[in-house]
Each structure stands twice: as structure tokens, then as C-alpha cells.
Amino acid sequence: MTDYSEEQRNELEALESIYPDSFTVLSEKPTTFTITVTSEAGENDETVQTTLKFTYREKYPDETPLYEIVSQENLDDNDVTDIIKLLEQQAEENLGMVMIFTLVSAVQEKLNEIVDQIKTRREEEKKQKEREAEEEEKQRFHGTPVTIENFLNWKAKFDAELLEIKRKKMKEDEQAGKNKLSGKQLFEMDHNLDTSDIQFLEE
């Protein structure tokens with residue numbers, strides 16, 4: 001028969017020596033403890049961090065431990081979900097063996113990946129913003145692309161406007177025509193015109 005409490009005690013001692021600064025026992029019965037896991041520093045010395053809380057079940061390691069994320073820094077919701085899934089998968093794979101070190105190591109690797117991804121994410125966001133700005137700029141200078149359909153619509157409107165202008169002009173000319181004096185009438189009204197041509201000739 002497996003002595004579960006013996007295995008659990010031995011693992012706790014090992015964990016305490018492996019993680020002296022980040023290991024904290026919260027309670028003895030049931031045995032509950034936290035381990036804070038921090039990623040390696042990213043390119044701007046940024047890190048991501050999470051504190052994992054584990055509780056031994058009575059028959060651990062033949063039963064998976066209870067685990068949860070009690071705090072985190074610089075992780076978004078998707079990252080937290082991924083870490084929980086990872087813990088689930090690792091716990092199932094290592095059933096029957098003491099597994100806390102394995103779980104914590106898997107999370108450590110995941111956090112290192114996330115720090116790398118943050119750099120990639122930032123670069124992607126920057127590129128995306130640049131692309132959007134370029135598109136906006138293009139739209140501003142580009143206007144509406146000409147298609148046969150919108151050209152024909154424009155032409156029809158343009159022709160209609162032109163026709164309207166011609167009509168107005170003809171009307172104005174007609175009306176002006178009624179009030180327009182003939183050459184003879186002008187001659188009769190203005191006697192200066194009698195001599196204007198002679199002056200011309202003399203010069």
C-alpha cells in the first residue's frame with residue numbers, strides 16, 4: 001500500500017530546496033502551498049509572473065493535485081487560460097508520480113514563451129497600425145475608383161447638367177433678344193456713331 005503522506009512530505013521538502021524564495025506553505029491539513037513562477041527577462045527586461053496554488057488531495061500522487069492561479073502579472077486572459085489547460089494536461093500525463101516540479105517547470109517554459117510572444121505581439125500591433133495608417137492615407141488621396149458603372153452614372157448627371165445650362169442660356173438669349181437693339185436703332189440713338197468711322201479713317 002502506498003504511503004501517500006510520506007510521498008507528499010518528501011516532495012514538499014524537495015520543493016522547498018528547489019524554490020527557496022518562491023515556495024510558501026499555506027496550510028498543513030490539507031497541505032496547501034504556493035509557488036511563484038517568473039519568466040526570464042524579455043527584451044526590455046519585462047517579465048511575466050504567476051503564483052500557483054497547489055493543494056494535495058488525500059491520494060496524491062495517484063490523484064491529481066488541486067491547482068489554481070492566485071495572482072499574475074502582465075498576463076492577459078488568454079495566457080491564463082492556456083496555463084490552466086497546460087496544468088490540466090501535465091497533471092493527467094504524470095498521474096501516479098509526484099508532479100509539482102514537472103507542473104511548475106511546464107509553466108516556467110510557457111511564461112518564457114509568453115515573454116517572447118509579447119515582443120512579437122508588439123511588433124505585429126505596430127505593423128498593423130502602420131498598415132491601417134497607410135490604408136487611410138491611400139483612401140484620402142485615392143478617392144473613389146472609377147468603374148464603368150459609376151462613370152456612366154457620372155456622365156449621365158454631367159450631360160443633364162450641361163443640357164440644363166444650355167437651356168438656361170438659350171432662354172436668357174431669347175429674352176435678351178427681345179430687348180436687344182438693332183444696329184439701326186443704336187445708330188439713331190447715339191449720334192457719335194455718325195462720325196466714329198470717319199475719325200478712324202483719318203487716323
Side-chain angles (χ1 to χ4, degrees), residues 2 4-142:
T2 312
Y4 295 116
S5 55
E6 179 67 24
E7 284 201 46
Q8 291 169 13
R9 249 196 324 275
N10 290 342
E11 185 179 34
L12 276 181
E13 278 172 27
L15 292 170
E16 206 163 354
S17 62
I18 297 168
Y19 306 107
D21 302 323
S22 59
F23 176 84
T24 312
V25 174
L26 301 178
S27 75
E28 300 279 333
K29 280 187 188 234
T31 304
T32 304
F33 54 92
T34 59
I35 297 174
T36 301
V37 192
T38 309
S39 70
E40 291 163 6
E43 66 161 6
N44 298 327
D45 285 339
E46 61 207 338
T47 56
V48 289
Q49 181 176 301
T50 182
T51 299
L52 305 170
K53 178 176 156 191
F54 296 100
T55 305
Y56 284 152
R57 289 187 185 165
E58 198 183 328
K59 291 183 179 173
Y60 171 84
D62 285 342
E63 289 180 305
T64 58
L66 300 171
Y67 45 81
E68 61 180 296
I69 291 175
V70 286
S71 73
Q72 51 89 6
E73 273 175 41
N74 300 331
L75 293 174
D76 62 29
D77 293 345
N78 288 342
D79 296 330
V80 172
T81 309
D82 288 348
I83 290 168
I84 292 291
K85 278 185 191 154
L86 177 68
L87 286 167
E88 217 169 275
Q89 177 201 338
Q90 290 290 327
E92 288 302 321
E93 283 176 17
N94 290 284
L95 203 58
M97 299 180 278
V98 288
M99 64 178 80
I100 303 297
F101 176 73
T102 309
L103 298 185
V104 172
S105 299
V107 170
Q108 175 83 58
E109 267 178 51
K110 183 71 182 166
L111 294 185
N112 291 343
E113 274 174 37
I114 290 167
V115 161
D116 292 340
Q117 281 166 7
I118 285 173
K119 179 186 166 190
T120 316
R121 262 185 226 161
R122 283 206 184 123
E123 283 167 4
E124 272 306 306
E125 278 167 19
K126 194 177 159 196
K127 277 181 196 161
Q128 184 62 28
K129 276 181 189 154
E130 283 169 7
R131 275 198 294 270
E132 281 166 13
E134 264 174 43
E135 276 305 308
E136 241 172 71
E137 204 64 22
K138 267 187 203 162
Q139 286 304 102
R140 208 177 302 157
F141 287 114
H142 196 256

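Residue numbers start at 1 and run along the sequence shown. In what follows, every heavy atom counts, from backbone to side chain, and hydrogens, waters and symmetry copies are set aside.
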Here the salt bridge (charged side-chain N to carboxylate O under 4.0 Å, His left out) pairs for residues 52-61, sequence neighbours left out, are K53-E68
Residues 57-77 vs ring pair (Phe, Tyr, Trp, His ring centres under 6.0 Å), sequence neighbours excluded, gives Y56-Y60
In this structure, CD1 of I18 is separated from CD of E11 (nearest 0.5 Å) by 8.5 Å
By side chain to side chain contact (heavy atoms under 4.5 Å, CB included), Q108 pairs with (sequence neighbours left out) V37, N112
Hits for salt bridge (Lys or Arg N to Asp or Glu O under 4.0 Å) against E124, two or more places apart or cross-chain, chain-then-number order -> none
Here the side chain to side chain donor-acceptor pair (under 3.5 Å) pairs for residues 13-25, sequence neighbours left out, are none
Applying side chain to side chain contact (heavy atoms under 4.5 Å, CB included) to Q128 and not counting sequence neighbours gives R131, E132
In short, side chain to side chain donor-acceptor pair (under 3.5 Å) pairs touching residues 25-38 with sequence neighbours left out are S27-T32, T32-T55, T36-T51, T38-Q49
Under 3.5 Å, side-chain donor or acceptor atoms of residues 72-79 against the rest of the protein: list the pairs with distances, not counting sequence neighbours.
unit_1: Q72; atom_1: OE1; unit_2: L75; atom_2: N; d: 3.1
unit_1: N74; atom_1: ND2; unit_2: T47; atom_2: O; d: 2.7
unit_1: D76; atom_1: OD1; unit_2: N78; atom_2: N; d: 3.2
unit_1: D76; atom_1: OD1; unit_2: D79; atom_2: N; d: 3.1
unit_1: D76; atom_1: OD2; unit_2: R121; atom_2: NH1; d: 3.2
unit_1: D79; atom_1: OD1; unit_2: R121; atom_2: NH2; d: 3.1
unit_1: D79; atom_1: OD2; unit_2: D76; atom_2: N; d: 3.2

So, do E113 and D116 sit near enough that their side-chain heavy atoms are less than 4.5 Å apart? no
By side chain to side chain donor-acceptor pair (under 3.5 Å), R9 pairs with (sequence neighbours left out) E6
Review item, side-chain donor-acceptor pairs of residues 83-104, under 3.5 Å, at least two apart:
unit_1: Q89; atom_1: NE2; unit_2: E93; atom_2: OE2; d: 3.2
unit_1: N94; atom_1: ND2; unit_2: Q90; atom_2: O; d: 2.8

Value for OG1 (T50) from NZ (K110), rounded to nearest 0.5 Å, stands at 12.5 Å
Residue set satisfying side chain to side chain donor-acceptor pair (under 3.5 Å) with D62, at least two apart, ordered chain then number -> Y4
Worked verdict on Q117 versus I114 for side-chain contact (heavy atoms from CB on, under 4.5 Å): CA-CA 5 Å; Q117 281 166 7; I114 290 167; 4.2 Å; yes
